[in-house]
Structure formats: structure tokens, C-alpha cells
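First the structure, which I've put down as C-alpha cells, then a few questions once you've had a look.
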Amino acid sequence: MLTDLRHLTSDEIISLQANHCSATDWSKILVSDDFTPCSYERVTFRGECILGSTRGETRALSQFQSRPTGIYHATIDHCIIEDNVYIAHIGNAISHYHIGEGTIISDLFSLTFSEGATCGLGTTVSVLDETGGRSIRIDRSLSAAAAYCVVFGKADQGLQRAWNEAIERSLVDFKKRTSLGHSFIGKRCFIARSGRLTNVVLEDACMIEGASSLSDMYLQSKVHLQGSIKADGVIVSHDTLLEDCSLHHCYVGEGCRIDGGFSAHDSLIFANCILSNGEVAASFLGPHTVTMHRSTLLIGGAFSFFNAGSGTNQSNHHYRLGPIHYGVLERGVKCSSDSYVLWPAHIGAFSKVVGRLYRHPATQSFPFSLLNSNGGEMEMQPAVTIGHVGTWRDLEKWPQRDNRTATMPEDAVSYSLWQPAVMYSVWQGWHLLSQAQELASRGKSYHHLMGGCTVSPEDIAHGLGLYQALLYAYIGRVLSQQKNLCWEDLLDLLARKEKGATPSRFLDLMGFPLAESSYLNWCNMIQNRSLTTHEIQQELQSLALMPEEEFDWVLQLLRALLSDDLEQSLLHLLEEIPQCELLLQKKIASDGKKELLASRANVGFGLLPTAEEAFPCQADFKVIRGHLVEQDFVGKLKNSFEEHIKRARQLPDSLRRF
């Protein structure tokens with residue numbers, strides 16, 4: 001903080017001029033009490049400037065050796081420069097900036113701020129519908145869940161008004177912060193070897209190396225930009241790394257990694273996304289979206305916990321009314337290499353897309369499905385990825401890849417598979433497959449229930465079994481957590497639930513599970529209250545799923561699965577839970593073991609002979625794949641299921657012991 005400021009003495013002015021410094025008006029320069037003229041060489045001062053102490057040295061960085069602080073070879077125009085700042089070799093000027101303590105700026109063409117600029121705040125992002133139908137104005141505080149509500153809640157005028165009013169308040173606040181005509185660079189920032197920076201904000205501990213051109217950009221704390229970067233109309237949240245990329249009208253969330261010449265426009269990118277080599281356009285990338293291949297384009301889609309294979313592509317333009325089409329891939333979807341989806345489409349959670357889908361699938365009610373097509377009819381195998389070990393491996397790796405350091409991150413992410421937002425769609429799939437099986441048994445068509453896909457009777461039966469196993473296992477796991485629940489109380493609670501009622505709807509707001517009723521309450525809560533965007537999001541997170549709410553939802557699910565004879569049907573269901581857990585365990589273990597089969601050693605292993613081994617291919621296979629055996633993810637998962645099988649077997653007696 002700058003205190004004890006004074007004007008320059010005549011001797012100090014003479015010393016500065018001897019160092020080839022000049023000023024349009026020396027009387028407009030204020031300095032700290034311990035000002036040292038020798039720390040300034042070949043500096044041109046324009047307008048009112050405030051200069052802090054330069055008696056220290058810069059911190060040592062791997063890319064920048066420590067040196068005495070000061071300003072060298074630069075034009076400083078209407079700036080406030082705090083203590084121990086180093087500025088050198090500015091090609092044009094640093095104009096209208098407040099630069100924080102300990103910041104280093106070296107080899108930069110220009111850093112300028114225009115009065116009235118908003119530095120990316122309030123930028124309109126035309127996400128999903130490129131013609132602007134689902135556009136959102138962005139702020140420095142933005143979560144995937146809140147953005148999802150605003151983008152998909154266009155019919156709710158109260159919600160839209162509350163958000164836009166909050167954006168306007170944010171802009172008013174920012175204009176107050178810059179009312180003296182200065183934008184700001186935070187403390188301990190580093191900017192070097194870069195081009196033109198116009199109307200940018202850097203919060204504390206940001207680093208920029210080699211950026212080509214940045215304009216109207218807001219960087220929150222601990223953001224690192226390196227390599228050739230072009231960006232405009234962009235807000236970047238904490239702990240994010242951008243390298244060699246191009247961004248236009250985007251929000252980039254916490255802990256993201258974007259590199260390899262990646263380009264994005266009109267897109268929302270949230271926590272822990274890893275984007276390399278390819279391109280996104282008008283896309284909503286929820287947490288943990290990954291695309292790594294140069295041949296991949298994500299356009300006009302909403303994705304979360306998504307993995308894009310090489311050549312993944314979509315189309316949003318039918319050459320009629322423009323790029324108005326978009327699609328939704330729910331949590332955990334994977335696309336195989338060279339997969340394609342013609343929007344509009346809506347694909348259920350944890351599904352896998354193989355081939356080229358031209359028929360607008362609507363399989364949101366069939367999670368864990370395999371969708372396949374060669375461009376003609378779409379085939380679906382419901383529920384099969386429940387038994388894929390990769391699904392369960394993803395559930396373990398996502399939280400391990402959380403790069404965020406904030407104690408209260410913007411995105412409140414629920415990583416668990418065992419939650420109502422997922423199980424609600426599983427229940428929908430089970431219910432629709434039950435209807436389809438009943439129709440098939442009477443020789444009637446069930447195609448209209450399958451979201452535009454063909455499903456064989458065998459796949460219906462198989463899917464029913466897996467969906468039921470997952471639902472029963474979930475019910476058992478939740479009931480096992482109820483420490484003081486007895487048999488009579490459980491029956492009484494179930495008797496109060498409406499017979500045959502559908503379990504209440506749960507939403508998955510880009511990784512944030514929320515009851516539909518809670519969402520509607522939130523929409524009412526935020527209206528007419530003059531909230532900031534951060535407060536709007538806090539209100540949303542305050543409605544996060546609580547254990548008692550989940551238990552009540554499980555009671556609804558249980559009642560929907562039980563017959564009129566509550567006691568007998570409940571007992572029968574509880575007795576089936578261990579077998580359901582066992583079925584899941586066997587399916588996953590069997591799939592995982594495929595990667596470790598000795599027969600795999602016959603392909604691509606043991607290309608060179610070894611003297612010690614009679615079967616060099618198997619020895620080579622063991623060396624390469626041995627770490628999978630040592631880590632034994634499948635074994636750990638199997639042990640976890642064993643524990644739940646044990647608890648499920650004890651559950652009926654546990655309920656009766658009170």
C-alpha cells in the first residue's frame with residue numbers, strides 16, 4: 001500500500017534527467033518517501049504517476065533472474081506503481097494501470113487501458129445456439145451449475161432478469177474500481193516477452209509469457225498464460241494454464257489446461273477441463289471435459305465428464321436457418337474415434353457413442369448405454385457400460401485430477417455415481433424397458449419408447465437386469481447408512497408414500513445434483529433481491545443435496561418398486577440386493593480382466609527374444625502391464641463390492657435388531 005507520498009525534489013528531477021528520463025510535467029509525479037532516482041533509466045512519464053519504493057530486488061524465477069527493482073526503458077502513462085515493481089523494455093507504453101507490489105513486467109510491447117472498458121466482464125457468449133438464442137453474459141464469478149440454469153432456463157423471465165441485473169451490478173462495481181481511469185495488475189504478477197495487452201486485468205500471482213495479443217480479458221489469481229496466445233472477451237478463473245491457444249468470447253473455469261494450438265469461441269469451459277490440439281465452438285464444457293486430438297471438433301454441445309475420441313465431431317448447421325441446433329451429452333459420455341452426432345440429440349449419462357449417428361437420438365432416459373450406427377439405423381444396448389471397468393475407473397480418476405486450490409471453488413462437483421441425479425435416469429430407463437418388454441410380450445411395437453434407436457428383445461432383458469441391479473444396490477447402500485432405522489419405521493415411512501408415484505425428478509446441473517423442487521425454489525428465491533452473481537450461485541449451492549433429502553428420495557424409489565404387499569415385497573427386494581451387488585462386481589471384474597489376459601501377449605509383445613524366458617512375449621507383457629496388476633484397480637473395486645455385499649446381507653437383520 002502506497003503511503004507517505006510526496007513530490008519530487010529538484011535534485012531528484014536532475015538525477016532522473018541525467019538517467020535520460022523525461023516527463024510531460026514533473027509536478028504530476030508523486031513518489032514514496034524513500035524514492036531512489038537511480039532505479040529509473042530512459043523512462044518517459046506522462047500525466048499523473050505514482051511511484052513506490054524500489055529498494056528491493058525481484059524474486060527469483062526459473063525464467064527470470066533476480067535483479068534490482070525499478071523502471072528501465074519504458075513509457076509510463078498515468079500509472080500507479082506500488083513497491084518493488086520491476087518494469088523494463090516496453091516497446092510502446094504502459095498506460096492507465098495500477099500495478100501491484102512485487103510485479104515484474106519485461107519485454108512487452110504495450111499494456112493499455114481505455115476508460116470505460118469492462119475487461120471481459122459482461123461479455124456475451126453465444127453458447128450452444130450460435131445465433132444467440134441461448135447466450136449468456138459472463139462474470140468473474142460463474143459456476144457450471146448456475147450457467148446451465150441461465151442457458152437452459154430462457155423461458156423463465158424472472159431468472160433471466162435476475163442474472164442480467166446481477167451482471168449490471170458487477171459492471172457498476174468494476175467501473176467504480178476503475179473510476180480513476182486505471183485498470184489493475186495484482187501483486188507478484190509476471191509479464192514477459194509478450195505483445196499487445198489491451199484492457200486486461202490480472203489478479204494476484206498471474207503469469208504471462210509470450211502472449212501475442214490479449215484484449216478485454218480478466219485473469220483471476222494464479223492463472224498462467226504461456227506461448228503464443230490470442231484472446232479477446234475472455235474471463236479465466238483461478239489455477240488455470242493456457243498455452244499456445246486462441247480464445248474468443250469464452251469463460252474458462254478453475255484448474256483447466258488448454259494448449260497445443262487449441263481454439264475456442266463462444267464457449268463456456270468449466271473446472272478441470274483438459275483441451276488440447278482441437279477446437280470447440282459454441283460449446284458448454286462442464287467439469288472434466290477432455291479432448292486431446294487435433295482432428296476433434298466439439299460444436300454446439302453441452303458436455304460434462306466427457307471424453308472425446310480422435311475425430312469426434314458434430315454438426316449444428318442444416319443449411320436452412322443457420323447454426324441453431326445443439327445437443328446434450330449427459331455426465332460421463334464417451335465418444336469413440338471418428339464418432340459423429342448430428343444435432344439435435346440428447347444422450348444419456350455414462351453412455352458410449354460408436355460410429356456416425358444421423359437420426360437425432362434422444363436417449364437421456366437410457367444411461368450407461370452403447371449407441372452404434374454406420375449412418376443408418378441407430379442401435380442401442382441399454383445399461384451395458386455399467387459393467388465396463390472404464391466407467392468405474394473414471395469415477396476414481398476424476399477427483400484425482402482436480403487442479404483447484406481454492407477452499408471454496410466456484411464449481412461444487414459431485415463425483416459419486418451413487419446419487420439421485422444419476423439414479424433418477426436409471427429408474428427412467430428401467431421403467432421404459434419394463435414397458436417395452438411388456439409390449440413385446442404382446443406382440444406390439446415398442447420402438448417409440450427407445451429414443452429413436454432399435455433395441456433387440458435380448459438387449460431389453462439384459463438392460464433391465466443391469467438397471468435393476470444398480471437401483472437395488474443403491475437402495476441397499478443408502479439404507480445401510482441409516483444407523484437408527486428399524487423395520488417397523490421403514491414400513492411406516494413407505495406406507496406414507498403414494499402408491500405407484502414416480503420418484504421426484506432430480507437434475508444434474510453439470511456435476512451439481514439438485515432436486516427439481518429445489519431448482520424451482522431457487523428461481524423464486526433470487527428474484528427481486530438485488531443479488532450479485534456470486535450471491536446467486538451461493539443461493540443455488542445452499543440447496544445442495546442433504547443426506548435426509550436423499551433418504552426421502554430413496555423411499556420414493558422403493559415405494560415405486562414395491563407391490564401392495566409392502567412387507568413381503570420389501571423383504572424380497574432386500575434379499576435380492578446382495579445378488580445385485582455380486583452381479584455388478586462380476587461384470588466389472590470380468591471386463592477388467594480382459595486387459596490382463598495372457599492371450600493379449602500374442603499381439604505386439606515379445607518382438608525381441610530374451611535368453612531367460614521361453615515365452616518372451618509373455619515376459620514383455622508382464623513388464624509392460626505389470627503395473628496394472630500391482631495397482632490392481634479391479635481388485636480394489638472388487639473388495640469394495642465385497643464390503644457392500646456383506647452389508648447388504650446383514651441389512652434385513654440390522655433393520656430388525658431395534
Side-chain angles (χ1 to χ4, degrees), residues 1-58 67-119 173-192 194 196-202 204:
M1 191 70 177
L2 294 170
T3 56
D4 300 324
L5 297 175
R6 60 176 176 79
H7 290 285
L8 291 166
T9 66
S10 57
D11 287 342
E12 288 170 338
I13 294 172
I14 291 171
S15 296
L16 288 168
Q17 290 173 331
N19 288 342
H20 306 285
C21 296
S22 62
T24 53
D25 187 345
W26 290 109
S27 67
K28 292 184 176 180
I29 297 176
L30 297 176
V31 298
S32 64
D33 193 48
D34 60 349
F35 178 75
T36 52
C38 63
S39 299
Y40 299 82
E41 295 179 7
R42 298 187 184 277
V43 183
T44 299
F45 296 102
R46 296 176 182 167
E48 297 178 353
C49 295
I50 298 176
L51 308 176
S53 172
T54 54
R55 292 189 178 276
E57 290 191 349
T58 67
R67 61 201 70 186
T69 56
I71 304 178
Y72 311 92
H73 300 268
T75 297
I76 306 299
D77 177 22
H78 289 84
C79 289
I80 300 172
I81 299 173
E82 296 197 10
D83 294 342
N84 296 316
V85 169
Y86 177 88
I87 298 173
H89 305 294
I90 307 302
N92 188 359
I94 296 179
S95 178
H96 292 83
Y97 266 87
H98 186 149
I99 299 173
E101 181 180 350
T103 284
I104 299 168
I105 304 176
S106 178
D107 296 283
L108 175 69
F109 178 73
S110 66
L111 174 63
T112 59
F113 174 71
S114 304
E115 187 175 357
T118 60
C119 299
D173 179 65
F174 182 76
K175 288 174 181 178
K176 287 180 181 178
R177 295 173 68 191
T178 58
S179 60
L180 297 178
H182 300 97
S183 185
F184 48 94
I185 305 295
K187 298 178 180 179
R188 303 179 305 282
C189 291
F190 177 74
I191 305 173
S194 295
R196 193 185 304 270
L197 277 60
T198 307
N199 300 327
V200 301
V201 169
L202 277 67
D204 294 347

*Calculate, to the nearest 0.5 Å, the distance between atoms CD1 and CG belonging to I87 and L111 respectively.*
8.5 Å

*OG1 on T58 to CZ on R67, rounded to 0.5 Å*: 6.5 Å

_Passing candidate, side-chain contact (heavy atoms from CB on, under 4.5 Å) with T75, options I90, N92, T44, I94_ = T44

_With heavy-atom distances below 4.5 Å as the criterion, would you say the side chains of R6 and F35 are in contact?_
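Touching, per the 4.5 Å side-chain cut-off.
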
*Please report the closest heavy-atom contact between A117 and F174, naming both atoms and the distance.*
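In this case the closest contact between A117 and F174 is O-CE2, 3.4 Å.
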
_Donor-acceptor contact below 3.5 Å, side chain N84 vs main chain G56_ = yes

*By ring-ring contact (aromatic ring centres under 6.0 Å, His included), which residues pair with H7, not counting sequence neighbours?*
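ring-ring contact (aromatic ring centres under 6.0 Å, His included) check on H7 returns nothing, list empty.
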
*So which of E82, H182, R177 actually passes side-chain hydrogen bond (donor to acceptor under 3.5 Å, both in side chains) with H98?*
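Between H98 and the candidates, side-chain hydrogen bond (donor to acceptor under 3.5 Å, both in side chains) is satisfied uniquely by E82.
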
*Got a donor-acceptor contact below 3.5 angstrom from the D83 side chain to the E101 backbone?*
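No.
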
*Please name the pair of heavy atoms, one in N199 and one in F113, separated by the smallest distance, quoted to 0.1 Å.*
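Distance-wise, the nearest heavy atoms are OD1-CA, 3.3 Å.
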
*Working to the nearest 0.5 Å, report the span between CG of D204 and CD1 of I185.*
11.0 Å

*Determine yes or no for a side-chain-to-main-chain donor-acceptor pair under 3.5 angstrom, with S106 supplying the side chain and A192 the backbone.*
no

*asked:* Walk me through whether T178 and V201 qualify under side-chain contact (heavy atoms from CB on, under 4.5 Å).
replied: CA-CA 11 Å; T178 58; V201 169; over 6 Å; no

*Y86 and side-chain contact (heavy atoms from CB on, under 4.5 Å): which partner among I71, T103, I104?*
I104

_For E115, is the CD atom crowded, meaning more than 12 foreign heavy atoms sit under 6.0 Å from it?_
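Not buried by this count: 12 neighbours or fewer within 6.0 Å.
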
*Please report the shortest heavy-atom distance between V43 and Y72, naming the atom on each side.*
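Closest approach of V43 to Y72, heavy atoms only: CG2-N, 4.3 Å.
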
*asked:* So which atom in L5 and which in I50 form the shortest heavy-atom distance, rounded to 0.1 Å?
replied: CD1-CG2, 3.8 Å

*Side-chain contact test, heavy atoms from C-beta onward, threshold under 4.5 Å: evaluate it for L202 versus I191 and give yes or no.*
yes

*asked:* What I want to check is whether the side chains of D77 and S95 have a donor and an acceptor closer together than 3.5 Å.
replied: yes

*I80 side, atom CD1; Y97 side, atom OH - distance, nearest 0.5 Å*: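 If I round to the nearest 0.5 Å, the distance is 13.5 Å.
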
_Distance-minimising heavy-atom pair for R196 and S110_ = CG-OG, 3.3 Å

*Can you list the residues that meet the side-chain hydrogen bond (donor to acceptor under 3.5 Å, both in side chains) rule with S27, with sequence neighbours excluded?*
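With neighbours one apart ignored, the set is D25.
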
*Work out which heavy atom in Y40 is nearest to a heavy atom in C21; give both atom names and the distance.*
O-SG, 3.6 Å

_Separation between NE2 of H73 and CD of E41, rounded to the nearest 0.5 Å_ = 6.0 Å

*From the options T54, T69, N19, select the one residue that forms a side-chain hydrogen bond (donor to acceptor under 3.5 Å, both in side chains) with S39.*
T54

*asked:* Distance check, rounded to the nearest 0.5 Å: L51 atom CG versus T36 atom OG1?
replied: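 OG1 of T36 is found 10.0 Å from CG of L51.
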
